[in-house]
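Report on the structure given below.
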Protein chains: 2
Amino acid sequence: MVLEMSQFVKSYECTLCHKTYHPSQNIMTCSNCGEQGILMIEYDYEKMKKVVNQAYFENNKDQSMWRYLPLMSIEGKFHERLLKIGFTPLYQANRFHQRIGLNKLFIKDESTNPSQSLKDRASAVAVLKALEMNQDTIACSSTGNAASSLACHAARMGLKTYIFVPKRAPLGKLTQLLIYGANVIQVDGDYRSAFKLSKDAINHYGWYNRNAAINPHLVEGKKTVALEIAEQLNFKPTDWVVVSVGDGCTIAGVYQGFYDLKMLGLIEKIPKLLGVQSEGCAPFVIAHQTKKPLIETNELTIADSIAVGIPRNPVKALRAVIESKGNWISVSDQDIIYTMAKLGKDEGIFAEPAASASFAGLEKAIRLNIIDKNESVTVIHTGNGLKDLDNAQKAIKQPIVMKADLALFNEYYQTKGE
Amino acid sequence: MVLEMSQFVKSYECTLCHKTYHPSQNIMTCSNCGEQGILMIEYDYEKMKKVVNQAYFENNKDQSMWRYLPLMSIEGKFHERLLKIGFTPLYQANRFHQRIGLNKLFIKDESTNPSQSLKDRASAVAVLKALEMNQDTIACSSTGNAASSLACHAARMGLKTYIFVPKRAPLGKLTQLLIYGANVIQVDGDYRSAFKLSKDAINHYGWYNRNAAINPHLVEGKKTVALEIAEQLNFKPTDWVVVSVGDGCTIAGVYQGFYDLKMLGLIEKIPKLLGVQSEGCAPFVIAHQTKKPLIETNELTIADSIAVGIPRNPVKALRAVIESKGNWISVSDQDIIYTMAKLGKDEGIFAEPAASASFAGLEKAIRLNIIDKNESVTVIHTGNGLKDLDNAQKAIKQPIVMKADLALFNEYYQTKGE
């Protein structure tokens, strides 16, 4: 089996030892460095420029992530049979920015993707790659969203899935998996245990691997969110882009997208990236603060999507923040819950904990003068709150229950109505 | 307060006594017939034709329901500040059609709207109308989706909401309401009780009324789903369109959309409409079978969104099916659950019970030769399964739980893997 070359892929390069590989080589990670040696995909931007320019975007009628196909490491065969992913709305905030003292805030709403998270972008790439390679089974470990998105798109395309989730996966995500007909293995342990068993099983059975920190093509799916943000802002992206971070693959993808556009001369500068973690699981923030290599942490947070004690993509994620001149910040579970309610009330947006974390991180960054109120900001709303109702309960008051009697209602209205 | 005239509205006409009203009159229902006298909005199609034609659609870059603004009874001021509603994907089925023995099936996916249901279309119209009329509070009763969509869009636009739900509303929908900051009154009783208290309170406080069976503009929001289906199929809609029915407002809206396009000469014929109800609450199906007026039924079904014992919009809904030469059908809760799992597995689509009902209804209609396998069909997927996880549990098997040990996994794989 040979990986097909996409039009503009020049080589694969190891993020650790910088060894390069010809794109026709059938590899996932560096043969020198083993599974730590995650590959970067290198493009021939001079060649790409001739196709991908302002005119390309103006004339492109595809309203999905596949409008960016020439910027990706995938042929994209069969993509028209997928559910519609990407080209999600970019909203200007109506009120939340005022609450946190910011002049200009945009919200990239990934919660309207088919399985209601940003992860659909990466899973779709994995599913198409598996099909291109004639594989009939695809597997991954995930804290939840990568899993449910993979199960969703694999079902649509008729692939079998084996999905390894940690025991804490929220009911919403677990239910999605099972409805989509995945073979679900709930690993008695945390994400680390799920990752280990998935790796062993994938090696044993030779399934296609959707683990984002192994498979170099998945970042290429995730980067389309940055391409869209830039295009939706007429190639003048905001000063900052805020995203919550678990494994590190999403922030790496966001950086890669802006990097591509910079190399193509389509944007002038790459936005500063603010990586947000949860205080109970903040290995990147600790590494940044202590200026030491990443060390393993516990996974003690309600934000399951970013509860990753050993991030699998440290090099790319750390580099994304450094090279963009960005920053790292952590927020408490209490901040996450508080922000979830405020976001619902101000904008009609229902964010799952990990998504709410990025908004909470923005608020804290403004308070700490990391972000100035006159700088423009885009926050990526990564996943829908319906996926985790248990934690949402912590953000809301209970409804009033009464008989159908106007006198009773009047009494409530006079004392409690808002 | 005077209702603003939209460009092409000719008059309002009572569905019962046919009395007409000038659109500048500030009314919701017919002054002769009371609240039973729901109004229809009559358009000047000859005048509309000059603006709304093939060229209008070809040149329209708006990728939301507001591309149809000239066909609606609303000015649409402020619509750019709303979350993005409509222009949802229309998918051709990859596999489900084969399972049920049909040649050509399209799925209109309304579950990717901002609050994950079709009801966003009507709620957005209500919110804009309230703003146009300078009202600061809006209220409704709802089995769930109308409520959560109203709360969502009202929050985004800074309006207060009072929402009356029956006690059975599923946790997902209830949580959405509370996250969006609505004042939620859970009425100790069924939908009928919730409807009654909302009516009394709205009359008492003079709030803007979003009850779809009272407010004539809401059907105009719902009809945009039919406009989209037609446009997405190049104005050659399928032979049938299938939709589940509760109050009757959605099927009335679907009919109205196709009717408009017929009157404008943009489509040749109106698709036959198949109205699907749940066996435990099927007043329309019973009225159709017995050829007698609609009588009140119980509300004994898991499909909460269509569990409406006294439909509030019987005239428009019955007429929609008769005039389209369509039909009515009912399905069991067991059919709904079974279909939910099959749809997830075949298409990667997770439908709430009321949405699954429409697919189950299609299957039954084919079995009963109401729909021929060579006829083309569009099913409207009205709401996301994440809204009702309790009922989804009935459709799935439990995941396997194991330690992170490949030997244990191998054992599972050999006996249970699929």
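Numbered from 1 within each chain, the chains take letters A, B, ... in sequence-line order.
- Across B:L178, B:I349, B:T112, the residue that shares the most heavy-atom pairs under 4.5 angstrom with chain A is B:L178.
- The side chain to side chain contact (heavy atoms under 4.5 Å, CB included) test applied to B:D405 returns B:A407, B:L408, not counting sequence neighbours.
- For the set A:Y180, A:F164, A:F96, the count of heavy-atom pairs under 4.5 angstrom toward chain B peaks at A:Y180.
- Listed by chain and number, the residues in a salt bridge (charged side-chain N to carboxylate O under 4.0 Å, His left out) with B:K173 are B:D304, B:E352 (sequence neighbours excluded).
- Looking at B:T175 and A:I396, their side chains come closer than 4.5 Å, going by heavy atoms from C-beta outward.
- Contact count against chain B (heavy-atom pairs under 4.5 Å) is highest for A:M157 among A:K196, A:M157, A:K342.
- For chain B, no part of A:F195 is nearby; none of its heavy atoms comes within less than 4.5 Å.
- Counting heavy-atom neighbours within 6.0 Å of A:E411 CD, excluding the residue itself, gives a total of 12 or less.
- Listed in order of number, the residues of residues 85-92 of chain B that approach chain A to under 4.5 Å between heavy atoms are B:P89, B:Y91, B:Q92.
- With sequence neighbours excluded, the residues that form a side chain to side chain donor-acceptor pair (under 3.5 Å) with B:E299 are B:R168.
- With a 4.5 Å cut-off on side-chain heavy atoms, A:D200 and B:F409 do not count as touching.
- Interface remark: of the candidates B:Q116, B:M340, B:H153, B:K167, B:Q116 forms the most heavy-atom pairs closer than 4.5 Å to chain A.
- Here the straight-line distance linking atom SG of A:C152 with atom CZ of B:F350 works out to 11.0 Å at 0.5 Å rounding.
- Taking both residues in full, the closest heavy atoms of B:P399 and A:Q186 are given as CG-OE1, 3.4 Å, listed atom of the first, atom of the second, then distance.
- Between A:Y162 and B:Y412, the two ring planes are perpendicular [angle over 60°; tilted spans 30° to 60°].
- Heavy atoms of other residues, nucleotides or ligands lying less than 6.0 angstrom from CZ of B:R81 number 12 at most.
- A:A151 does not touch chain B: none of its heavy atoms, backbone or side chain, sits under 4.5 Å away.
- A distance of 8.0 Å separates CG in B:L83 from CG in A:N94, rounded to the nearest 0.5 Å.
- For A:L159, no part sits under 4.5 Å from any heavy atom of chain B, backbone or side chain.
- The greatest number of non-hydrogen atom pairs below 4.5 Å with chain B, out of A:G385, A:G158, A:P114, is found for A:G158.
- Listed for the A:R156 side chain is no donor-acceptor partner under 3.5 Å among the backbone atoms of B:D346.
- The contact between A:H204 and chain B is made entirely by side chain atoms (from C-beta outward), counting heavy-atom distances below 4.5 Å.
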Under the side chain to side chain contact (heavy atoms under 4.5 Å, CB included) criterion, do A:D188 and B:M402 qualify, and how do the steps go?
CA-CA 6 Å; A:D188 194 2; B:M402 64 173 69; over 6 Å; no

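- Here the closest non-hydrogen pair linking B:V187 and A:K403 is CG1-C, 4.4 Å.
- Heavy atoms of other residues, nucleotides or ligands lying less than 6.0 angstrom from NZ of B:K104 number 12 at most.
- No more than 12 heavy atoms of other residues, nucleotides or ligands shown are found within 6.0 angstrom of OH on A:Y338.
- The side-chain heavy atoms of B:K387 and A:L386, taken from C-beta on, include a pair separated by under 4.5 Å.
- What you find for B:G344 and A:A155 is that their closest heavy atoms are O-CB, 3.4 Å.
- If you tally non-hydrogen atom pairs under 4.5 Å between each of A:Q63, A:R192, A:Q398 and chain B, the highest count goes to A:Q63.
- For the options B:L177, B:L174, B:N384, heavy-atom pairs under 4.5 Å to chain A are most numerous at B:N384.
- In this structure, a donor-acceptor pair under 3.5 Å is present between the side chains of A:N410 and B:Y205.
- Minimum heavy-atom separation, A:A404 to B:S193: CB-O, 3.6 Å.
- For A:A201, the parts lying under 4.5 angstrom from a heavy atom of chain B are both the backbone and the side chain.
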